[in-house]
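Notes to accompany the following structure.
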Amino acid sequence: MGPARRRPGPRGHGRGGQGPGVRRVRPLWWLAGLLAVIAAGVAGLAFGPVPLPPLAVAAELLDQIPGVRLESGLDEREAAVLLRLRLPRVALGLLAGAMLALAGAAYQGVFRNPLADPYLLGVAAGAGLAATAVIALNAPRVLLPSAAFAGALAAIALTYLLGGAGGRERSPAALILSGVAVAAFLQAGQVWLMQRYADDLREIYSWLFGRLATGGWSDVRLLLPYALITAVVVLLHRRELDVLTLGDEEAAGLGLHPRRSRLILIAAASLGTAAAVSVSGLIGFVGVIVPHTVRLLAGASYRAILPLSMLFGAAFLTSADLIARTAAAPAEVPIGVITALFGAPFFVLVLRTHRPVTL
Amino acid sequence: MAVARGRRTLAVILALLTLGGCAAEDEPAAPAASASAAYPVSAGGVTLDRRPERIVSLSPTATETLFAIGAGPQVVAVDDQSDFPAGVPVTDLSGFQPNAEAIAARTPDLVVIANDINDIVRSLTELKIPVYTAAAPATLDDGFRQWRELGALTGHAAEAADLATRTGAEIDKLVAGLPARERPLTYYYELGPELYSATSTTFVGALLGRAGLANVADPADSAGAAGGYPQLNQEFLVKANPDLIFLADVTCCAQSAETVAARPGWNTMTAVRERRIVPLDDDVASRWGPRVVDLVRAVTDAVAKVPA
């Protein structure tokens, strides 16, 4: 590509915000993010297909704190609904939402491409194919996260290699197009598996559209360690992501190892995506819409985008899940349907009311 | 109480004896009388000029029915999912992805399918191969109609009619032997660990309704948008607290009374506490063939054990 390589304008105003003068709105957005998470969490606990009196919910939750004794008035089954089903489901939504949005933000930074997300890059398809194979071949379910991780890494490696046919620098379009091709190829394999093992169709099908359910706290325990590793690794590299947006030579000039940083970030983001995907299925749109919205609202520095994406991603997915489990109660709506149905129009709205920021 | 229980036991014993007798009757070659039925025969939208001698069945249910009505010797090939009765001519043909050329290569004079996938009916009709579609029925009587139509088409009308009549009578007897209750028992029928279920509008739901059971899944698809097979919410199920849980996902998905009891919150349910989780045979539970009696018996046995 050489001379046509995209570059974020003259140095000095590429970082930290758009146009001349760095916007300093971060404290406001931190507060908004925290409030969104709290509001989504509280709503997720207070409402559900089984009506529980909000005061009783509060009393029962406080009763769990050692030393506090409160009579909530919930019967045993209602208490089980709250503590063993609703509470872990909200926790899972927060974790998975934070993971998907964080991974999306990291990919966008690594590939210097605002459209990069686990779906367009084929990562989700790779994780999906591997997970489908685990289900179809009746392998132990504990293998799901590692299989999904292997699939995710293989897919993004393939996308990266194919998208870079023109040289060391990947053009955004070539990368996305090869991601789409890789995703289509892997999905074909998945469909083939689904057809061969038709008995498992319901399980695979349910998983393809995403669902935060079934396992209770065990799913949360499964995801938590991977989420922590991903969050720590990606957040520690937030400055590197900002520098990478300047271009590889500039980054190297600033004493960075662009390739090494990239590999670490790709691995961490893929691990987070794969872990989230393995417990909650394929949930689209979170990874591209949340970081993008955050960028439009709060500025272009990854020091803000990464943590804010985690907060808003957590709030977004928890809210989507609340809709998924109440909209057609007592039936379930796949959460992937909700994230697309509400996320996409909201995203377009934000796009239209805010001037897009160049990366 | 004691009398009721005695009567129930008697009913169960009687039912078992009858069934044992029937099972024995099914085996030997059927009398050839009905085979001489005059062709051409029309049934279920298909007309045959001759008795079919090379039948290809792409539906496990149809395979079971064909063999039960004595048309087994005429069946030359069945799909990869047909596994009953033992010794059926299994091939790699697929009912999910029917391939007209592969089917035509078996030179069939009748093809039985469950679903018109990939426009297979049109393709086979163009090849002048008659196709009978045995779609999943909504009711038991609808299922019996299919049996009779298959009987007419294959030259076993009398056996098919006899099988339908006997099956109906056996089911009636099983259901009649159940104790009367003030409040109907409630049940949850599980198709998969992702909590897919079947409402009363489905074939299996209607069947369990005949045993006097109330389905907790009904409110989840009252408008029928999910075709009677909604995916249920876990919270709702725990709160609904069914008296009985039927598992049709034992073989496919390794579910059992233990795995169900281990699900979060489920140990508060009556069905789990009272050990009223009933593992079914996945295949029997999802087919509408002659073994439907086995399904009803598994259900009525479980219901009879719950004190009235």
Atom CG of A:Leu228: over 12 foreign heavy atoms under 6.0 Å: yes
Contacting moiety of B:Leu237, where chain A heavy atoms sit under 4.5 Å: neither
Residues in residues 57-77 of chain A that sit under 4.5 Å from chain B, counting heavy atoms only: A:Glu76, A:Arg77
Distance in Å, B:Leu195 CG paired with A:Arg211 CZ, rounded so as to fall on 0.5 Å steps: 5.0 Å
Reported CD-to-CD distance for the pair A:Glu78 and B:Glu235, which is rounded to 0.5 angstrom: 11.0 Å
A:Ala80 versus B:Gly265, closest heavy-atom pair with distance: CB-CA, 4.0 Å
Portion of B:Gln231 that has a non-hydrogen atom of chain A nearer than 4.5 angstrom: both
Region of B:Asn267 in contact with chain A, defined by heavy-atom distances below 4.5 Å: side chain
A:Leu85 CG to B:Trp266 CH2 distance, which is reported to the nearest 0.5 Å: 9.0 Å
Residues of residues 330-346 of chain A near chain B, each having a heavy atom less than 4.5 Å away: A:Pro330, A:Ala331, A:Glu332
